[in-house]
Number of protein chains: 2
Amino acid sequence: MPTAVSDHYLMNKRTYNQFCPLAYSLDVIGDRWTLLIIRELMFGPRRYTDLQQGLPGIGTNLLAKRLKDMEAADIISQQKLPPPAASHVYTLTERGKSLQPIIMQLAEWGKPYLAEGFQSDDYFSTVSCMSALRMMFTPEKATGISATVDISRGSEAFFVQVHRGVLAVQTGLAPLADASVRFDDLKTLLMLIGNPATRQQAQASGMMTLTGDETVFDSLLGAFNLPV
Amino acid sequence: MPTAVSDHYLMNKRTYNQFCPLAYSLDVIGDRWTLLIIRELMFGPRRYTDLQQGLPGIGTNLLAKRLKDMEAADIISQQKLPPPAASHVYTLTERGKSLQPIIMQLAEWGKPYLAEGFQSDDYFSTVSCMSALRMMFTPEKATGISATVDISRGSEAFFVQVHRGVLAVQTGLAPLADASVRFDDLKTLLMLIGNPATRQQAQASGMMTLTGDETVFDSLLGAFNLPV
DNA sequence: CCGAATCCTTATTGATACTG
DNA sequence: CAGTATCAATAAGGATTCGG
């Protein structure tokens with residue numbers, strides 16, 4: 001009964017009650033966690049538990065509520081996965097995808113605060129890392145580099161490919177990767193981009209595990225630039 | 001002692017604890033009311049009570065807290081007014097002003113929700129009205145129009161000037177206005193833009209009071225277009 | 001395991017009254 | 001005017017439970 005969802009959305013929701021497009025926007029996406037949920041969906045569909053992983057601290061009841069509200073507002077939709085996986089995923093609708101430029105601008109605006117002083121125990125979401133890699137990619141440094149590397153942490157994985165000056169960052173494992181790296185904290189990857197020479201030290205200290213072609217991984221690091 | 005303010009900011013504030021520029025943005029401007037406060041400051045400095053008027057429902061304690069947090073985050077600043085007015089105002093800092101494009105995009109994104117179905121008791125903030133007028137101004141329709149009109153509601157006032165195809169919307173009263181209109185609800189002004197022929201009816205019903213040159217006011221209405 | 005629903009505690013907010 | 005103080009109403013956070 002879809003009416004129940006709509007009713008829930010229309011009835012028990014706090015609103016600014018202002019005749020103003022900004023206020024209406026905020027009524028829809030201004031609640032705590034909402035924009036971060038959308039960020040988590042920006043690289044493709046995610047399951048409920050994937051979202052929980054990417055958003056530590058959200059609390060399962062709140063995540064469920066947000067997902068319902070967002071579905072009622074038509075910014076995400078729930079989709080069933082084909083038979084093998086007896087599960088379903090959440091996806092951005094067109095309306096949800098249209099928030100991407102806003103999210104990018106907000107991220108750009110927030111960079112100084114992050115740079116000024118982040119807490120060492122800050123969680124680095126997989127999606128946030130993928131997004132960061134896209135931003136740090138430097139085409140001029142990528143000439144001659146051809147590398148496909150799987151990156152994983154815990155049960156999450158994505159891969160990065162640089163080939164002929166083109167970057168691809170995607171969820172999941174690459175069909176044919178040159179190397180695989182595993183981190184406990186993805187911030188280690190940023191550290192390596194800033195200082196590639198510390199790779200062996202990172203391996204020795206157990207901060208990362210690298211299998212496959214090490215030189216390809218090193219060359220991949222060269223295609224990125226840590227923002228000053 | 002500015003340290004006290006900073007301490008307050010750093011210490012008792014809920015944060016996402018995510019290494020992500022978007023999360024840091026939202027730590028700063030993601031709280032309820034914050035972006036609407038910034039909207040209220042977009043047309044220039046405002047006093048505490050002005051802000052209260054533009055944000056019905058905020059509660060004075062919360063407004064005070066937000067203002068402190070925003071000052072600590074360097075997006076607004078408090079300024080003393082010169083002697084005659086024994087008062088002070090809040091202004092956007094450069095960092096605060098740099099949020100303007102984001103706010104505009106958010107407003108653009110929210111338009112459909114507003115158009116679909118707004119509540120008739122929604123409050124139409126003066127600032128929101130000023131902003132709407134800017135968006136609805138249609139230069140092609142403004143040729144030949146020269147009008148300066150004061151607009152007021154309650155204790156708030158601003159003026160609109162169209163001259164040689166240029167629009168100016170500013171807080172306060174114009175030094176030399178052709179006409180003055182007063183509304184109980186500024187949505188009436190939008191109605192007049194959509195249907196200028198209803199002006200006399202609006203006056204007769206007491207929804208608006210018009211003094212000065214009526215034909216100039218009518219010509220002014222012609223310079224705007226209600227979005228379809 | 002996945003995807004929540006429930007219960008309970010804490011934090012934030014909203015409304016009102018009050019003060020320098 | 002420009003806030004504080006107080007207190008009730010909500011929302012968020014955390015742990016546990018429960019049905020596919």
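A, B, ... follow the sequence lines: proteins, then strands. Residue 1 opens every chain. Note that the coordinates shown come from a computational prediction; the quantities given were computed from them, not determined experimentally.
- Taking the centre of each ring, B/Phe124 and A/Phe19 come in below the 6.0 Å mark.
- Checked by atom type, the side-chain pair A/Ser155/A/Gln53 shows a donor-acceptor distance below 3.5 Å.
- Within the 4.0 Å cut-off from OP1 or OP2 of D/dC1, not a single side-chain nitrogen or oxygen of B/His88 is found.
- Note: NZ (B/Lys80) to P (D/dA2) measures 11 Å, nearest angstrom.
- Distances shown here put every side-chain N or O of B/Tyr16 at or beyond 4.0 Å from the OP1 or OP2 atom of D/dG13.
- A sub-4.0 Å separation between OP1 or OP2 of D/dC1 and a side-chain N or O of B/Arg47 is present.
- Per the geometry, CZ belonging to B/Arg66 stands 16 Å off C1' belonging to D/dG3, to the nearest Å.
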Is there a side-chain contact (heavy atoms from CB on, under 4.5 Å) between A/Met208 and A/Arg182 once you walk through the steps? CA-CA 5 Å; A/Met208 74 174 271; A/Arg182 163 167 289 272; over 6 Å; no
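- Side-chain atoms of B/Gln18 and A/Tyr123 include no donor-acceptor pair closer than 3.5 Å.
- Rounded to an integer number of Å, the gap from CG of B/Asp27 to C1' of C/dT12 is 15 Å.
- With values rounded to the nearest 0.5 angstrom, B/Asp178 atom CG is found 11.0 Å from B/Thr211 atom OG1.
- Close to C/dA4, at under 4.0 Å from its OP1 or OP2, lies a side-chain N or O of A/Gln78.
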Step-by-step side-chain contact (heavy atoms from CB on, under 4.5 Å) determination, B/Leu186 to B/Thr126: CA-CA 8 Å; B/Leu186 291 171; B/Thr126 305; 4.2 Å; yes
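- Neither OP1 nor OP2 of C/dT10 sits under 4.0 Å from any side-chain N or O of B/Arg14.
- Side-chain N/O atoms of B/Thr49 include one lying less than 4.0 angstrom from OP1 or OP2 on D/dA2.
- Following rounding to the nearest Å, B/Leu63 (CG) and C/dA15 (P) show an atom-to-atom distance of 14 Å.
- One finds no side-chain N or O of A/Arg32 lying less than 4.0 angstrom from the OP1 or OP2 phosphate oxygen of C/dA11.
- Atoms CD1 (B/Ile58) and P (C/dA15) sit 11 Å apart, rounded to a whole Å.
- Per the geometry, CD belonging to A/Gln53 stands 12 Å off C1' belonging to C/dC2, to the nearest Å.
- Atom P of nucleotide C/dT6 and atom NZ of A/Lys65 are separated by 14 Å, given to the nearest angstrom.
- Residue B/Trp33 places at least one side-chain N or O under 4.0 Å from the OP1 or OP2 atom of C/dG14.
- Between B/Ser87 and B/Tyr48, the side chains place no donor N or O within less than 3.5 Å of an acceptor N or O (distance only, hydrogens not considered).
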Find every protein N or O atom lying less than 3.5 Å from an N or O atom of nucleotides 16-20 of chain C, and list the pairs.
none

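- Following rounding to the nearest Å, A/Leu51 (CG) and C/dC1 (P) show an atom-to-atom distance of 19 Å.
- Between the side chains of A/Thr171 and A/Arg46, at least one donor N or O sits under 3.5 Å from an acceptor N or O.
- The residue A/Gln52 sits apart from the nucleic acid: no heavy atom pair falls under 4.0 Å.
- Between B/Tyr48 and D/dT4 there is no side-chain polar atom (N or O) within less than 4.0 angstrom of OP1 or OP2.
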